[in-house]
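What follows is a single structure, written as structure tokens, with notes after it.
This chain uses plain numbering: 1 for the first residue, then up along the sequence.
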Amino acid sequence: AGMTSSYDTATGTLRIESTGVTNTLSEFATVLSTLEYENQDDRLSETPDRTVRTYCVDDTALQSNAPITTIQLVSVDDAPEVDLDSTDAPGVFDSSASFDEDVGAVDIAPNASVSDVDSDDLRVCVARITNILNEGSESLTANTAGTNLVTTFDSSTGTLVIQSASGSNQPITAYERVLQTLEYVNSSDNPDDSETRQIVVECIDDQNQVSNLPVSVVTITPRNDAPELVLSTGPSGPNYSAIFTEGDNPVAIVDPTAELTDPDDVNIQSCTIEIASGAADTVEQLSVDITGTSITFDASSTPEQLVLNGPAPIDQWNQVLRSAAYENTAVDPTDTPDRVIEFVCVDPSNEPSPTRIATVNVIPVNQKPVVFVDSAPNNRDFSTTFTEGTPALLSNPSSAEVTDVDSSQVTECQVSITNLFDVGFESLTANANGHSVVITYTAPTLSIVGTIDLADMNEILRSVTYNNIDDDPDPSTRQISWECTDDSNLTSDQSFTRLVINPQNDLLTIDLNGASAGTGHTSVFTEDQGPVEVTDFDVDIVDVDNENIIECTLQLASTPDGTDESLDMPDTVGISHVYDAATRTLTLSGAASESAYESALASVVYNNIDHDPDTTTRNVAVQCTGQQNSSSTADIVVIIPVNDAPKLDLNSSDSKRWWISILKMMFAFVVNVQSHVPIPILVLLPYVTVTPETVTLLLIPPHLVRALTVLH
């Protein structure tokens, strides 16, 4: 107490003195015992040693001796100091930042400062995320432009290292500049916000002194991400390009690897696919297959706009979207402009995906004509029947037509019998109906040549007729092909007529006169000159439908002489014969060839044993039957009677008893040879000998009798 001290920095002198009172020696000794040396220079020089000379002056102004204290200085390297936010109050080294998923990378130390009281250079700085929650997605970056520093980031530890590429020390100012660009990035589409991220920064100076460890606290703010739809992973991705050729099946409008994703949701609420522009035909449509999913079509859906409703799992949406197809059923589609088909999907938070485009290039194709032998639009083919002897129309006479969506004219049509059986007998004809065409038939094809309108050709085609003049046509069903060529030289696919052949069993023909004129024959029967053939020797039987004859009958129209007249023939191998007197019919039977029956008929004879035959002309009806038919013709037998001499037949077994009775009463006239006078005599019974076999008449000797007349 009662002492003061003052230090003169200019001279380096500390003065201790009493103030108003005189202090004792012990009091000064106590103060001197607290004497201290201090050097606040962060970069003090260790040499030379510091010397302190101390002396005292008593109250009589006498100065003491001046002992010297030598102080050896030892410098100590200070650690660098890192302040992540230099705008904060002194001693507050931390910083804070907020990461927004929709914004992206965030600066975590824009106001950072680095200092080191005894160093100008640093060896390295390190920033580390201490609590990574989205592994592989979180990272730190910094901009080293304008410095000799480089950065490396280890995603497994979340550590960013800032240092010289060569490992040399670099100025603190360079490190400070780089730390001010330090950014936190989280690339996850669904970042975890359950914890703030703690990012620790430390620097090491050129003396390996480690700085303080300030922390940047980063708050994570997730945002709902829109669904992402990729129609193609190819060159046109994420959009898609397709080509639709007229007449093709529906064409896919997405790649098989098309994918819909959403990092925030496992379900998608809805998707819309629509032809947004370019549709020029009313028959353009889109399609998807929702089979096996919980996805449904909205009531507002149309063929040009498909509205699909969920919610449904994303894998179901991918299944449905990958089935998306475009179709154009126009018979003559327009090729421009390209069809633009838009895809948009919406998540449960009503966040739409980016619109993706499928572009469809429509390629029209010049269609071939189509021949409808029956009727359009479904009945190209036709069936009909040809009955032998009656030509048949080969198409529907009221509706057969050739159509062509691209052309109004045809240049040629051909109709062909694809399976010709009766060569030379089958033919096709058509009526030109006054149109400028040339119609020719060269078996098996009918050609109609000439450039005419479709309607005119239809008129001609409906007149095409089939005929077969074969008397025994092959019954196989004919297949008639039709094809036409338009004015663009495109030929239709073949259409067909199925033609059933209905042969008719023709009557066989009989020519009894052979090579002579006419088919009948006239025979002349002369009494007592034996039987006469009823046909010519070269009788001819023709049956175009059958190989064999089954039966022939010859019937006398009448027999005035009763059973004395008849028909007969010699026995013939393979053909039996029998004559029925009651019906006056000779029947020849047994399946045999035409030539066998011709020989048999040529051998049939008429006979009449009546001694005074009726001279009425006899008509003989001849009829032959094949396997399924018969035919007949007539023969005429002219009877010529002959005046017979009397004849006595005593040997007739039928008249023996009659003759015996007569002879018992018989008279004879004997003519006397000399006088020529008839003398009646009675033939005496003893002269007649009767046996069962004979009647013997004993006559008068001829020299006595000129003539004997027996009366009865």
Distance from D404 atom CG to T485 atom OG1, nearest 0.5 Å?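 The OG1 atom of T485 is 10.5 Å from CG of D404, to the nearest 0.5 Å.
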From L122 atom CG to D116 atom CG, the distance as rounded to the nearest 0.5 Å: 6.5 Å
Taking atom types as modelled, find out whether [X] and [Y] have a side-chain donor-acceptor pair closer than 3.5 angstrom.
{"X": "N309", "Y": "T296", "value": "no"}
{"X": "N190", "Y": "S188", "value": "no"}
{"X": "D192", "Y": "N134", "value": "no"}
{"X": "Q494", "Y": "S492", "value": "no"}

Of all heavy-atom pairs between [X] and [Y], which one has the smallest distance, and what is that distance?
{"X": "M3", "Y": "T19", "result": "N-OG1, 4.0 Å"}
{"X": "D298", "Y": "S300", "result": "OD2-OG, 2.7 Å"}
{"X": "A226", "Y": "P352", "result": "CB-O, 3.1 Å"}
{"X": "E81", "Y": "S211", "result": "N-CB, 4.4 Å"}
{"X": "D255", "Y": "S232", "result": "CB-CA, 3.7 Å"}

Would you list the pairs meeting ring pair (Phe, Tyr, Trp, His ring centres under 6.0 Å) in which at least one residue belongs to [range], sequence neighbours left out?
{"range": "residues 252-279", "answer": "none"}
{"range": "residues 130-178", "answer": "none"}
{"range": "residues 74-100", "answer": "F99-Y184"}
{"range": "residues 222-268", "answer": "F244-Y326"}

Show your reasoning for whether side-chain hydrogen bond (donor to acceptor under 3.5 Å, both in side chains) applies to T219 and S98. CA-CA 5 Å; T219 302; S98 179; 5.3 Å; no
Of N143, I162, V114, which is the lone residue that meets side-chain contact (heavy atoms from CB on, under 4.5 Å) with V178?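 Of all the options given, the one that passes is I162.
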What residue among D189, D193, D100 forms side-chain contact (heavy atoms from CB on, under 4.5 Å) with P222?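 Of the listed residues D189, D193, D100, the side-chain contact (heavy atoms from CB on, under 4.5 Å) partner of P222 is D193.
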Looking at [X], I want to see if its [atom1] is surrounded by more than 12 non-hydrogen atoms of other residues, nucleotides or ligands under 6.0 Å.
{"X": "N489", "atom1": "CG", "result": "no"}
{"X": "Y55", "atom1": "OH", "result": "no"}
{"X": "E17", "atom1": "CD", "result": "yes"}
{"X": "L25", "atom1": "CG", "result": "no"}

What I want to find out is whether R197 reaches E195 closely enough, with some N-O distance under 4.0 Å, to be called a salt bridge. no
Just grab all the side chain to side chain donor-acceptor pair (under 3.5 Å) pairs involving residues 354-371, residues at least two apart or on different chains.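 Sorted result for residues 354-371: E228-R356, E246-Q367, N366-S488, K368-D493.
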Run the side-chain hydrogen bond (donor to acceptor under 3.5 Å, both in side chains) test on S18 and T22 for me, step by step, so that the C-alpha distance in whole Å, both residues' side-chain angles and the decisive distance to 0.1 Å come before the verdict. CA-CA 6 Å; S18 299; T22 299; 6.0 Å; no
Residues two or more places apart in sequence or in another chain: which of them pass ring-ring contact (aromatic ring centres under 6.0 Å, His included) with F372?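 Testing F372 for ring-ring contact (aromatic ring centres under 6.0 Å, His included), a comparison that skips the adjacent residues, returns none.
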